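Notes follow the structure.
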Number of protein chains: 2
Amino acid sequence: MESQAPSTTKDRLLDAAEELFSSRGIDATSLRAITSAAEVNLASVNYHFGSKDGLVKTVFLRRLEPLNNERLELLDALEISAAGAPIELEAILDAWVMPALRMGHSPEGKRIKRLMSGIYSEPGDTLQALLRDLFSEILRRFCAAIGRAIPELSGEELMWRVHFMLGAMIHTVADQPSIRALSGGLCDPSDIEGVRRRLIGFVAAGLQAPLEEKDAPPTAGENR
Amino acid sequence: MESQAPSTTKDRLLDAAEELFSSRGIDATSLRAITSAAEVNLASVNYHFGSKDGLVKTVFLRRLEPLNNERLELLDALEISAAGAPIELEAILDAWVMPALRMGHSPEGKRIKRLMSGIYSEPGDTLQALLRDLFSEILRRFCAAIGRAIPELSGEELMWRVHFMLGAMIHTVADQPSIRALSGGLCDPSDIEGVRRRLIGFVAAGLQAPLEEKDAPPTAGENR
DNA sequence: CCACAATTCAAACGAACGTTTGAATTAATA
DNA sequence: TATTAATTCAAACGTTCGTTTGAATTGTGG
């Protein structure tokens, strides 16, 4: 009854939609373009997914649910083997970033990357809520783990730094074509191991940055 | 002949478009919604800007050109007063981030913030090229300055870290509502001085992270 | 005051959109 | 094989979009 064959109408639609959404954007992709690419009838979308919104939701869920499950499994394994003690920071970051990097480089998931960044910018009413729900729980888990790894951070400080961390990570996973172009081919985003090492090094250093004094006038740039 | 009065049709259109683009997205905002909010005639858009694309471009240019000019002026001032010596890293980052933070908090520019992140995700053909051009030069200037401040970084390593830095900064400037919500009101994005101190502290630490060995197997997360 | 350009206006254009419909076709059940 | 459900199909629906048009209005220099 549900999908198990390699090329049902549902799957063809999801694949085509994912491909087109990531290259042209969601709003700019018409159902007719999707059904043409998938070589199925136009009405199939509303038959199988109810509406375009339903198709969009399913496109995201198909990738993000396994992604977050893998992240949680890795974090669970770390917490079990740590047996109550704080986990090493780099290991936590690894559990967050590696599933995304691996997915981003698999032949099937290569398209979802650009979509992930669009999440935060596209003010799609339903999509925004869906993803907020999807990420709020897993984010709490990882925040807690990071907080235990860097106990000297206050709750506010921790949240801010996690926010910066997410920015760096999302931007990296989503915008891999731009880093290659801007660096003039110097940087190779397909080198997963290199990206991982550099990204985690950067983020770990940022998260563990020394706490500055609040009233110390920083450095410069005030001349305006 | 050009705009100097406080409420010409052109300015009313730009203000209304900026507001609606940032809250609903560019594609989801119709010219009719814009002209209604601006209380001008529908045809005014095509008369004054040629097309919707022309309006979009002007909306971005009106904010980004002064923003980047201010950044360049600050960097120029730093380089002049440094007289050939490397500039302190935090001062360079300040020159990049403060104009954006200040603009994002002024009453007139509060709307542009969310748009800035959409830049990287929305695959609008013309817009993408416009912004790539706008940022490629200033980015080269700041990369060079940062490279002089941290001379031990190779060109590749520098580009990667600047990439991470941009992710954290863009995400912070653009997505200020989400940090307040996710932290349960704990983090206050309207505290410019606090945001500046934390963001620059994070990014500076990330940029100056120690260089790891290439072949050292990192930490964990491989169990899958 | 008059001619003339600049701007505004109501109305309509054709195209593209998401969705619906009802018949045709295929697959499953007994 | 007969019956019924699931799926596909071509065609059309009503709406909204960006853009165009040509007349009306406003502002300006001679």
Side-chain angles (χ1 to χ4, degrees), chain A residues 1-60 115 118 122-128 130, chain B residues 1-60 115 118 122-128 130:
Chain A
M1 188 125 306
E2 281 299 318
S3 63
Q4 76 278 13
S7 192
T8 70
T9 298
K10 254 181 166 173
D11 290 328
R12 300 169 65 85
L13 277 172
L14 287 173
D15 288 339
E18 185 177 275
E19 169 67 30
L20 291 171
F21 285 165
S22 69
S23 63
R24 307 185 196 174
I26 296 178
D27 287 327
T29 302
S30 69
L31 293 186
R32 287 167 176 83
I34 297 173
T35 52
S36 288
E39 294 178 300
V40 303
N41 187 269
L42 170 60
S44 311
V45 175
N46 291 276
Y47 178 77
H48 285 288
F49 301 97
S51 64
K52 185 182 182 181
D53 246 39
L55 173 64
V56 172
K57 277 195 210 174
T58 311
V59 165
F60 277 91
L115 282 181
E122 288 214 41
D125 309 324
T126 55
L127 194 56
Q128 196 93 5
L130 170 80
Chain B
M1 190 124 305
E2 281 300 320
S3 63
Q4 76 278 11
S7 190
T8 70
T9 296
K10 254 182 167 172
D11 290 328
R12 301 169 64 86
L13 277 172
L14 287 173
D15 289 340
E18 186 176 274
E19 168 69 31
L20 290 171
F21 285 166
S22 68
S23 63
R24 307 185 196 174
I26 296 178
D27 287 327
T29 301
S30 69
L31 293 187
R32 287 168 175 81
I34 297 172
T35 51
S36 289
E39 292 177 303
V40 301
N41 188 269
L42 169 61
S44 309
V45 174
N46 290 276
Y47 178 78
H48 285 288
F49 300 98
S51 65
K52 185 184 183 179
D53 245 40
L55 173 63
V56 172
K57 276 195 210 174
T58 312
V59 165
F60 276 91
L115 283 181
E122 289 213 41
D125 309 325
T126 55
L127 195 56
Q128 196 95 4
L130 170 81

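Here the structure is a predicted model, which means the values were calculated and not measured. Note on naming: letters A, B, ... go to the chains in the order of the sequence lines (proteins, then strands), and numbering restarts at 1 for each one.
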| field | Euclidean distance, atom NZ of residue B:Lys57 to atom C1' of D:dG18 [Å, nearest integer] | value | 16 Å
| B:Leu20 CG - D:dG18 P separation (whole Å) | 12 Å
| Do the side chains of B:Asn41 and B:Thr35 get nearer than 4.5 Å, heavy atoms only? | no
| message | Expressed as a whole number of angstroms, how long is the span from B:Tyr47:OH to C:dA5:P? | response | 12 Å
| request: Compare all side-chain heavy atoms of A:Ile26 with those of B:Asp27 and state whether any distance is below 4.5 angstrom. | output: no
| task | Let me have a per-nucleotide readout for nucleotides 14-25 of chain C, 5' to 3', with B, S or -, counting only protein heavy atoms under 4.0 Å. | result | ---BBBBB----
| query | By side-chain contact (heavy atoms from CB on, under 4.5 Å), which residues pair with A:Leu14, not counting sequence neighbours? | reply | A:Asp11, A:Phe49, A:Leu55, A:Thr58, A:Val59, A:Arg62
| note | All heavy atoms of A:Thr29 vs all of A:Lys52, minimum pair found to be O-NZ, 2.8 Å
| Can you name the closest pair of heavy atoms from A:Val45 and A:Ser51 and give their distance? | CG1-O, 4.0 Å
| query | Rounded to the nearest Å, what distance is computed from the CG atom of residue B:Asp11 to the P atom of nucleotide C:dT7? | reply | 13 Å
| Does A:His48 have a side-chain nitrogen or oxygen under 4.0 Å from the phosphate oxygens OP1 or OP2 of D:dA6? | no
| task | Assign B:Thr9 to base, sugar-phosphate, or nothing according to its heavy-atom contacts below 4.0 angstrom with the strands shown. | result | sugar-phosphate
| request: Go through the structure and list residues passing side-chain contact (heavy atoms from CB on, under 4.5 Å) with A:Ser36, not counting sequence neighbours. | output: none
